[in-house]
Amino acid sequence: MTTKVIITGSKGRMGQALTSCARKFPNLQVVALVDKGDDLAAAIGKCDVVIDFSAHAATVEVAKLCAKRKKALIIGTTGHTDTDTFEIKKNKTKIPIVWASNFSTGVNTLFWLTRKAAEILGPDFDLEVVEMHHRLKKDAPSGTAKSLAEILAEVRKLHLSEAARHGRNGIVGERTQSEIGVHSIRGGDVVGDHTVIFANTGERVELTHKASSRDTFANGALRAALWVVNQKPGLYDMQDVLGLK
Ligand code: NAD
């Protein structure tokens, strides 16, 4: 059976990567491309799944429309506010949604390794997350860096909103054990680098992932689209798609 897909944000960097990668999936057909100013409501009847890689402000309406028309949804867009997130999550009782800050298999392996390393190394190690992206990226820190910091906070039983230190400037005092540093670098055409640092006196562990092509995210999101059509309503992530849970 062919899974019919609509891509929102189709003219963007990720939209173009998705459109091109989709040609290599024999069981998947892109039935419409939607960008700013186009009418998703007019096209949505043709598809089984909407893949959203647009802008944070657009996802709420996309999710509401998918729920109303009973279409599965893949969300790759990042940078959502707490209100956006709350509104988007409401739709999980009506449709299956795969929402991932990063669709690459490598980064999902990094998520798994980060949790393991934090558990093994314990509370004496200082935790810092560093990310670098191209100069055109609009949100910071990246969704992936937030996910990594959330994993670290979960293992340490901290609230990320209190523990996160976004860059440091001025007389900030000595580092405490209850903080998780999160730092964003922007420049050039970097597709996405993420490093998690575990630093103790006398030793340091660093886990790094570097993406060199957007196709890695696109292929993961397309794989998720094939998977999600067979799922019950609910909120899933890429770890569910890859069977890592
Ligand atoms: P981009 O700026 O190149 O493209 C975004 C596109 O969305 C643009 O063409 C824009 O016109 C369009 N758009 C804006 N508002 C819209 C609306 N209301 N309806 C339809 N289209 C709309 O950005 P990009 O680099 O392609 O990234 C898109 C999003 O995906 C960002 O949030 C980025 O952080 C995220 N991203 C996620 C992953 C992942 O694996 N989850 C990977 C890469 C990028």
Side-chain angles (χ1 to χ4, degrees), residues 56 75-89 92 97-133 137 139-186 190 192-211 216-217 220 224 234-245:
H56 76 89
I75 303 174
T77 309
T78 62
H80 300 102
T81 62
D82 289 347
T83 316
D84 293 338
T85 304
F86 178 76
E87 289 299 322
I88 294 164
K89 281 188 178 169
K92 70 178 180 187
I97 302 173
V98 179
W99 192 355
S101 60
N102 197 305
F103 279 95
S104 98
T105 311
V107 161
N108 280 277
T109 308
L110 176 66
F111 289 156
W112 189 89
L113 290 169
T114 296
R115 183 179 299 279
K116 276 285 156 217
E119 286 168 359
I120 294 166
L121 296 170
D124 291 341
F125 280 75
D126 298 328
L127 308 172
E128 301 274 318
V129 178
V130 183
E131 58 103 340
M132 179 165 187
H133 282 83
K137 184 165 175 62
D139 55 314
S142 69
T144 305
K146 282 189 202 165
S147 299
L148 288 164
E150 269 159 21
I151 291 169
L152 296 172
E154 230 177 87
V155 174
R156 286 284 175 90
K157 298 188 174 31
L158 298 167
H159 291 290
L160 187 59
S161 54
E162 291 156 18
R165 292 288 170 277
H166 296 283
R168 294 184 180 87
N169 185 25
I171 313 297
V172 293
E174 291 179 9
R175 195 187 193 289
T176 64
Q177 274 193 311
S178 61
E179 62 193 73
I180 298 172
V182 184
H183 314 286
S184 299
I185 304 169
R186 293 289 174 265
V190 176
D193 293 357
H194 292 89
T195 296
V196 186
I197 301 167
F198 302 82
N200 200 353
T201 324
E203 62 176 335
R204 186 165 85 241
V205 177
E206 296 187 2
L207 300 176
T208 295
H209 177 272
K210 295 186 181 190
T216 181
F217 312 127
L235 186 62
Y236 305 94
D237 61 23
M238 199 54 191
Q239 311 261 314
D240 293 303
V241 177
L242 295 172
L244 291 176
K245 282 188 174 163

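This structure is a prediction, so every number in the text was calculated from the model and none was measured. In this chain, residues are counted from 1 in sequence order. Below, each value reflects all heavy atoms present in this structure, side chains not excepted, and no hydrogens, waters or symmetry copies.
For Leu113, the side-chain contact (heavy atoms from CB on, under 4.5 Å) partners at least two apart in sequence or on another chain are Thr109, Leu207. Annotation: ring-ring contact (aromatic ring centres under 6.0 Å, His included) contacts of Tyr236 (sequence neighbours excluded): Trp227. Not counting sequence neighbours, the partners of Thr195 by the side-chain contact (heavy atoms from CB on, under 4.5 Å) test are Ile197, Glu206, Thr208. Considering only residues two or more places apart in sequence or on other chains, His56 meets the ring-ring contact (aromatic ring centres under 6.0 Å, His included) condition with none of them. For Arg168, the salt bridge (Lys or Arg N to Asp or Glu O under 4.0 Å) criterion is met by Glu128, Glu179, not counting sequence neighbours.
Judged by distance alone, the side chain of Glu119 and the main-chain N or O of Val155 form no donor-acceptor pair under 3.5 Å.
Taking a 6.0 Å sphere around NZ of Lys92, one finds it holds 12 or fewer heavy atoms contributed by other residues, nucleotides or ligands.
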Take Asp240 and Asp237 through the side-chain contact (heavy atoms from CB on, under 4.5 Å) test and state the conclusion after the steps.
CA-CA 5 Å; Asp240 293 303; Asp237 61 23; 3.2 Å; yes

Would you check, one step at a time, whether the test side-chain contact (heavy atoms from CB on, under 4.5 Å) holds for Asn108 with Phe111? CA-CA 5 Å; Asn108 280 277; Phe111 289 156; 3.5 Å; yes

**Prompt:** Going through the checks in order, is the side-chain contact (heavy atoms from CB on, under 4.5 Å) test met by Asn200 and Leu121?
**Reply:** CA-CA 9 Å; Asn200 200 353; Leu121 296 170; over 6 Å; no

(message) Would Asp84 and Thr81 count as a side-chain hydrogen bond (donor to acceptor under 3.5 Å, both in side chains) here? Give the steps.
(response) CA-CA 5 Å; Asp84 293 338; Thr81 62; 3.2 Å; yes

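The nearest pair of heavy atoms linking Phe217 to Phe103 is O-CB, 3.4 Å. Looking at every heavy atom in both residues, Arg156 comes nearest to Asp124 through NH2-N, 4.5 Å. What you find for Gly181 and Arg175 is that their closest heavy atoms are N-NH2, 3.9 Å. Across every non-hydrogen atom of Ala224 and Val98, the tightest pair is CB-CG1, 4.2 Å. Met238 and Asn102 get closest at one heavy-atom pair: CB-O, 4.2 Å. Annotation for His209 and Gly106: closest pair CD2-C, 3.6 Å, computed over non-hydrogen atoms.
The CG atom of Asp126 sits 8.5 Å away from the OG1 atom of Thr176 when rounded to the nearest 0.5 Å. One finds the CG atom of Leu160 at 9.5 Å from the CD atom of Glu162 (value rounded to the nearest 0.5 Å).
Looking only at side-chain heavy atoms (C-beta outward), Arg186 and Glu131 come within less than 4.5 Å of each other. Counting only heavy atoms from C-beta outward, the side chains of Glu154 and Arg115 approach each other to under 4.5 Å. The shortest side-chain heavy-atom distance between Leu127 and Val196 does not fall under the 4.5 Å cut-off. No side-chain heavy atom of Asp139 sits less than 4.5 Å from a side-chain heavy atom of His133. Counting heavy atoms from C-beta outward, Leu158 and Ser178 have side chains that approach closer than 4.5 Å.
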Side-chain polar contacts of residues 145-152 - donor-acceptor pairs under 3.5 angstrom, sequence neighbours left out - could you list them?
from   : atom 1 : to     : atom 2 : distance (Å)
Ser147 : OG     : Ser101 : OG     : 2.6
Ser147 : OG     : Gly143 : O      : 3.1

